[in-house]
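The structure under discussion appears below in the form of structure tokens.
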Amino acid sequence: MSTSLPLSSIPLFDTVASYREWRRKAYDEKKSVGYVATMGALHDGHLSLVKRSLAENDLTVVSIFVNPAQFAPHEDLATYPRTLPRDLELLTQQSIARPQGTRTPSAVFVPTVSEMYPSGISQNTQEQKGTFVEVKGYSHQMEGRTRPTFFRGVATVVTKLFNVIEPTRTYFGQKDIQQALLLRRMTRDLLLSHPEPQNLLIVPTTRDPTTSLALSSRNAYLTPHERDNVAPALYAALQAAKSAWDANASKAECIQHAEAVIEQKKREVGDSVDLRLDYIEMNDPESFDVMPDAVSRQEWEADAAGRPVILSGAMWVGKTRLIDNIVLGARHTLGIVG
């Protein structure tokens, strides 16, 4: 372990070799290992994943790594919040009482960029060298439409992290629903054993108890006015679409209801906040294909063999891009727990 890391009561590992030495002991002791992958700047959403892992596994590992491969050259890699001392303090406060004793986070993996990318890494995909992972046919829809190289970077780093951590179970948030479902498909396609696909678990989005804004590390970019009075419009728009869907409106009508909420908020804030809708869409959770405009809830339920619908959106509040989603239908069929 590096002497440059902050002091912590939780063991910290910044190299693959040092972590694997620790992991071998867990194997020898036949202990299950839960895993939460993060980029740091931890909030209650991350901590809900940690608590779930503590409740369901003998040991819990958290990784903190800001992955350059998932940021395009024009995105916020340089300014992404990095708060490692505070993150470690929050993790030391997490505990779950079990009959066998109190469980707390067991290890934190904090690798350097060179440790994770031995061949080097550029944010420009045309300049990259080495091995990368792509999930073909599932990376260009929804978030991939706006961020075409994002899921290539995510799939690559998570494959590496799974190879290092070797988790029994791993936990992702529903806020990034496309990412979680894509990674589950990746674990199945690559025949991974740690974790097996059914052990990649999706935990419901954690929201602000007052505004229902989905918690996100990027919320730190927002001003108090933007956070409390403008950003919640995205979830309100999704709720308007959900209400229309429940009333058996067509998909196109649902999107119109959602867009009307954003337009109303834009009129309210005027020039004080640069509010721009990126997209609101409804997708098949199996293929990520966009649903036909004319389809209604009753028609979908009759034809889709019980599959729910992913209603998702993204919008800009000033310089901050926010995402959110609602699963319409039986969310447990997507492996969403709780």
Look up atom [atom1] in [X] and atom [atom2] in [Y], then write down how far apart they are to the nearest 0.5 Å.
X      : Y      : atom1 : atom2 : result
Ser217 : Arg82  : OG    : CZ    : 11.5 Å
His140 : Arg145 : NE2   : CZ    : 11.0 Å
Leu88  : Leu5   : CG    : CG    : 8.5 Å
Leu77  : Gln123 : CG    : CD    : 4.5 Å
Glu263 : Leu275 : CD    : CG    : 8.5 Å
Glu29  : Lys25  : CD    : NZ    : 5.0 Å

Check whether any side-chain heavy atom of [X] sits under 4.5 Å from a side-chain heavy atom of [Y], and report yes or no.
X      : Y      : value
Tyr221 : Leu322 : no
Phe162 : His194 : no
Asp176 : Ile323 : yes
Pro68  : Val113 : yes
Phe71  : Val66  : yes
Phe132 : Thr125 : no
Val317 : Arg227 : no
Asp303 : Val295 : no

If every non-hydrogen atom of [X] is compared with every non-hydrogen atom of [Y], which pair is closest and at what distance?
X      : Y      : answer
Gly153 : Asn67  : O-ND2, 3.1 Å
Ser122 : Glu127 : OG-OE1, 3.0 Å
Asn219 : Leu215 : ND2-CA, 3.8 Å
Arg147 : Gln70  : NH2-O, 3.4 Å
Gln198 : Leu201 : O-CD2, 3.6 Å
Ala155 : Leu183 : CA-CD2, 4.2 Å

Just by distance, no angles: are the side chains of [X] and [Y] close enough, under 3.5 Å, to form a donor-acceptor pair?
X      : Y      : result
Thr60  : Ser53  : yes
Tyr279 : Glu143 : yes
Thr206 : Asp44  : no
Asn199 : Tyr35  : no
Ser250 : Glu253 : yes

For [Y], does its backbone N or O pair with a side-chain atom of [X] as donor and acceptor, under 3.5 Å?
X      : Y      : result
Ser139 : Phe151 : no
Asn325 : Ser312 : no
Gln174 : Val203 : no
Gln141 : Asp289 : no
Asn57  : Leu59  : no
Thr156 : Val133 : yes
Arg152 : Ala69  : no
His46  : His43  : yes
Thr333 : Ala330 : yes

| message | Taking salt bridge (charged side-chain N to carboxylate O under 4.0 Å, His left out) as the criterion, tell me which of Arg169, Lys31, Arg103, Lys30 meets it with Asp58. | response |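 When salt bridge (charged side-chain N to carboxylate O under 4.0 Å, His left out) is applied between Asp58 and each of Arg169, Lys31, Arg103, Lys30, only Arg103 qualifies.
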
| Pick one: which of Arg185, Arg307, Arg184 meets salt bridge (charged side-chain N to carboxylate O under 4.0 Å, His left out) with Glu286? |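 Among Arg185, Arg307, Arg184, the one that satisfies the salt bridge (charged side-chain N to carboxylate O under 4.0 Å, His left out) with Glu286 is Arg185.
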
Would [X] end up clustered with [Y] when hydrophobic side chains under 4.5 Å apart are linked, directly or stepwise?
X      : Y      : value
Leu192 : Val158 : yes
Leu42  : Tyr80  : no
Ile10  : Val36  : yes
Phe109 : Phe65  : yes
Trp300 : Val290 : no

| Residues, nucleotides or ligands: over 12 heavy atoms within 6.0 Å of Glu21 CD |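 Counting other residues, nucleotides and ligands, CD of Glu21 stays at 12 neighbours or fewer.
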
Salt-bridge test for [X] and [Y]: reply yes if a basic N is under 4.0 Å from a carboxylate O, no otherwise.
X      : Y      : value
Arg24  : Glu166 : no
Glu226 : Lys319 : no
Glu281 : Lys251 : yes
Lys136 : Asp189 : no
Asp76  : Arg218 : yes
Glu268 : Lys265 : yes

Which pairs of donor and acceptor atoms, one on a side chain in residues 232-242, lie under 3.5 Å apart (sequence neighbours left out)?
residue : atom : partner : partner atom : Å
Tyr235  : OH   : Gln239  : NE2          : 2.7
Lys242  : NZ   : Asp246  : OD2          : 2.9

| Working for side chain to side chain contact (heavy atoms under 4.5 Å, CB included), residues Thr187 and Thr170 | CA-CA 11 Å; Thr187 64; Thr170 187; over 6 Å; no

| request: Show your working on side chain to side chain contact (heavy atoms under 4.5 Å, CB included) between Leu49 and Val62 and close with a plain yes or no. | output: CA-CA 10 Å; Leu49 305 182; Val62 177; over 6 Å; no

| Within 45 degrees of the axis of the six-membered ring of Tyr27 and under 6.0 Å from its centre: does Arg23 put its NZ or CZ there? |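 Flagged: Arg23 positioned over aromatic ring of Tyr27.
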
| request: Starting from the C-alpha separation in whole Å, work towards a yes-or-no answer on side chain to side chain contact (heavy atoms under 4.5 Å, CB included) for Asp274 and Trp316. | output: CA-CA 8 Å; Asp274 183 15; Trp316 290 89; over 6 Å; no

| request: List the steps and the verdict of side chain to side chain contact (heavy atoms under 4.5 Å, CB included) for Trp245 and Val309. | output: CA-CA 10 Å; Trp245 183 253; Val309 172; 4.0 Å; yes

